[in-house]
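Notes to accompany the following structure.
Hydrogens, waters and symmetry mates play no part in the numbers below; they use all other heavy atoms, side chains included. Lettering follows sequence order; numbering is per chain, from 1.
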Amino acid sequence: MGNPTDDQGESGSVDFVRQKVEADNETGKFDQRVVTRFPPEPNGFLHIGHAKSICLNFGIAEEYGGVCHLRMDDTDPTKEDVDFVEAIQQDITWLGFRWHGDVRYASDYFEQLYEWAVQLINSGKAYVDSQSIEEIRRNRGTSAEVGVESPFRDRSVEENLDLFQKMRAGEFGDGEHVLRARIDMASPHLIMRDPIMYRIRHAHHYRQGDDWCLYPMYDFTHGQSDSIEGVTHSICTLEFENNRRLYDWYIEQLGIYAPEQTEFARLNLTHTVMSKRRLLQMVNDGMVVGWDDPRMPTIRGLRRRGYTPEAIREFCSRIGVTKFDGVTEIALLEHCLREDLNRTSERRMAVLRPLKVVIENFPEGQVEELEAINNPEDESAGTRNVPFSRELYIERDDFMEDPPKKFFRLAPGREVRFRYAFFVTCNDVIKDESGEVIELRCSYDPETRGGSAPDGRKVKSTIHWVSAAHAVRAEVRLYDHLFSEPDPSVIARDDDWVQHLNPNALETLEECCLERSLGEATDGQRFQFERLGYFCVDQDSHPETLVFNRTVTLRDQWAKLQKQK
RNA sequence: UGCCCGAUAGUGUAAUGGUAGCACGAGUGACUCUGAAUCACUUAGUCUAGGUUCAAAUCCUAGUCGGGCAACCA
């Protein structure tokens, strides 16, 4: 059993959902049981917003000595698929959580649900309505006017039973009848105006096959499923607040065990969207390469991008849980990512946009092996050797022919340190016909081997480099925010939302030069490319053609300075 | 027009009738063989108006603003 106080930080405070759990444990409302559940509909892939819910539900169970179920909310046969069931399990497992017992399915409760529906018919609380969809919709009324009762509302119990049985038996076509709860067509709560419990759908269910042509609605399924599983705290997002009234009504009418529904605000993140519809459209229209595109906020997208489960969980714990529907800055997610990656990633040198450097006073054919630290944050990561030779590559951005004031890197006549190697001075600049700098002629000081000068002289900066002869070529994909527009609600509302897509969300660099040791990097491995950012090996990578994804850049004072101008 | 929910620095949150804190961001500086990391400092807040109280971010009333509800979706 976990101790909740371990995770509460210095404030010692917990969110309102945990407070409720603690209060219930104190009063013994659920006999000290804590059972939560994560109930996705298997009709899409999980995203970072789901991660918040997963961390909440699994986290609470863990912290209070309870259990968390994984239940597929699969009551709409036209949308759900076994592939999603698979993917959902993979993603939750990758995030680091284990559900209690087997995966559960709302569709496994169909028979019980049917019996309960019959029970409600018998008690006069449900009836078969034979109005058309349009009539039902029209007669529901609006917020301003009450609804109109269906002419079929007062059918006898016998007739309802007979009709409902025939509905199940497949004697009617889609849409001919529905089963409705008999509540109050004049209720100020729209959801209580005789909500639909069952609809006819002659459709193949990915699990139940063709056993059913009658499918229960979410509201007639969710609460009872929670009840069957003995869930204590049914935690869901804000948009179900209105549904709680119905949730409780069904449970009460049925006289079954009552879980307690609590709603919290779903996660919104700047510079991205969480809506299934938008995400699907981006995949379908080829704006991204798939659900696992590293630009996507999906769990698989983030995973491929190089995010760690630890970073995502830390993020979820830091954003807190409230009922306020706000927007969290993606900078916080990135902060959590960097924090984790800084601690765990080995450092390497990689030159993304190579500029050739020739060390004129370094003997041709000679190679110096220099020792480099793998991870300054973790001594146990050890060291490695990097080869230094006469011809090297440095980052184009690390040289300026006519440097502005605060530019500390290489420039004509200037001396800088080559990381883990020597002090190097730029003597000459070679350009092509168009005037572009294509090569630097430099000299090195052999006395500075290892990076410091015996005479104590200092340099303003240290830059990374790669030995040309030993360089491993690679493709590097630079990722950035999916949308240039920070506010996701603008993207969600705007019909022309595609204009907000960030055209620079992906930039592919083909001829990058990596240090020798990166030659054996394999799928999923993460590194910090010094001074650039965190990168991971993409699944497209092969030993012949390495492919790296930029997970996130390092914080960059220089870039910030330039932006200010 | 009805019903439900919400509102604390730029952003996310804490304070549960008794000193408005924290984190991210932003800014400044120190340090540095990563313009990283680290460290220090600065920045900036209780939606409005009444009421209850010795005392209100917190309780009450009204208003304002924001979100949600009228799929045979979940």
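Between the P atom of B:G25 and the CD atom of A:E339 lies a distance of 10 Å, rounded to the nearest Å. Distance, A:H335 NE2 to B:A23 P: 10 Å, rounded to whole Å. A:L332 places its CG atom 17 Å from the P atom of B:C22, with the value rounded to the nearest Å. Computed from coordinates, the A:K563 NZ to B:G25 P distance equals 13 Å when rounded to whole Å.
Contact check for A:E41 versus A:E80: side-chain heavy atoms found under the 4.5 Å cut-off.
Shown here for A:F423 and A:G451, the closest heavy-atom pair between the two residues is CE1-O, 3.3 Å.
Residue contacts for A:F407: at a heavy-atom cut-off of 4.0 Å it reaches a base atom on one of the strands shown. Note on A:R493: only backbone sugar-phosphate atoms sit closer than 4.0 angstrom, heavy atoms only; bases stay farther off. Using a 4.0 Å heavy-atom cutoff across all strands shown, A:Y420 reaches at least one base atom of the nucleic acid. As judged by a 4.0 angstrom heavy-atom cut-off over every strand, A:V146 is placed among residues making no nucleic acid contact.
B:A49 and B:C31: their P atoms are spaced 49 Å apart (whole Å). B:A57 and B:G18 have their P atoms separated by 10 Å, with the value rounded to a whole Å. Comparing B:A9 with B:C4, their P atoms sit 27 Å apart, to the nearest whole Å.
A cation-pi contact, defined as under 6.0 Å to the ring centre and within 45° of the axis, links A:R168 to A:W212.
With hydrogens and angles ignored, no donor-acceptor pair under 3.5 angstrom links the side chain of A:E145 to the base of B:G2. Judged by distance alone with a 3.5 Å cut-off, a donor-acceptor contact links the side chain of A:R347 to the base of B:U34.
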- Could you provide the dot-bracket string of RNA chain B, using ( ) for intrastrand pairs, [ ] for crossing pairs and | for bases paired to another strand, with Watson-Crick or G-U pairs below 3.5 Å? .((((((..((((....[..))))((((((.......))))))...(((((..]....))))))))))).....
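Toward the 5′ end of RNA chain B lies the nearest nucleotide of A:R318, the other residue of the pair A:Y534 and A:R318 mapping further downstream.
Within the structure, every side-chain polar atom (N or O) of A:Q19 is placed at least 4.0 Å from both OP1 and OP2 of B:U16.
Contact check on A:R18 versus A:E63 returns a salt bridge, with a Lys/Arg side-chain nitrogen under 4.0 Å from an Asp/Glu carboxylate oxygen. Using a 4.0 Å cut-off between charged nitrogen and carboxylate oxygen, A:E346 and A:R526 do not count as a salt-bridge pair.
For residues 272-281 of chain A, every residue pair satisfying the side chain to side chain donor-acceptor pair (under 3.5 Å) rule, not counting sequence neighbours, is listed here: A:N43-A:K276.
With hydrogens and angles disregarded, a donor-acceptor distance shorter than 3.5 Å links the side chain of A:R396 to the backbone of A:P354.
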- Task: Give the B/S/- string for nucleotides 69-74 of chain B, one per nucleotide from 5' to 3', where a protein heavy atom under 4.0 Å of the base yields B, of only the sugar-phosphate yields S, and otherwise -.
- Result: BBSBSB
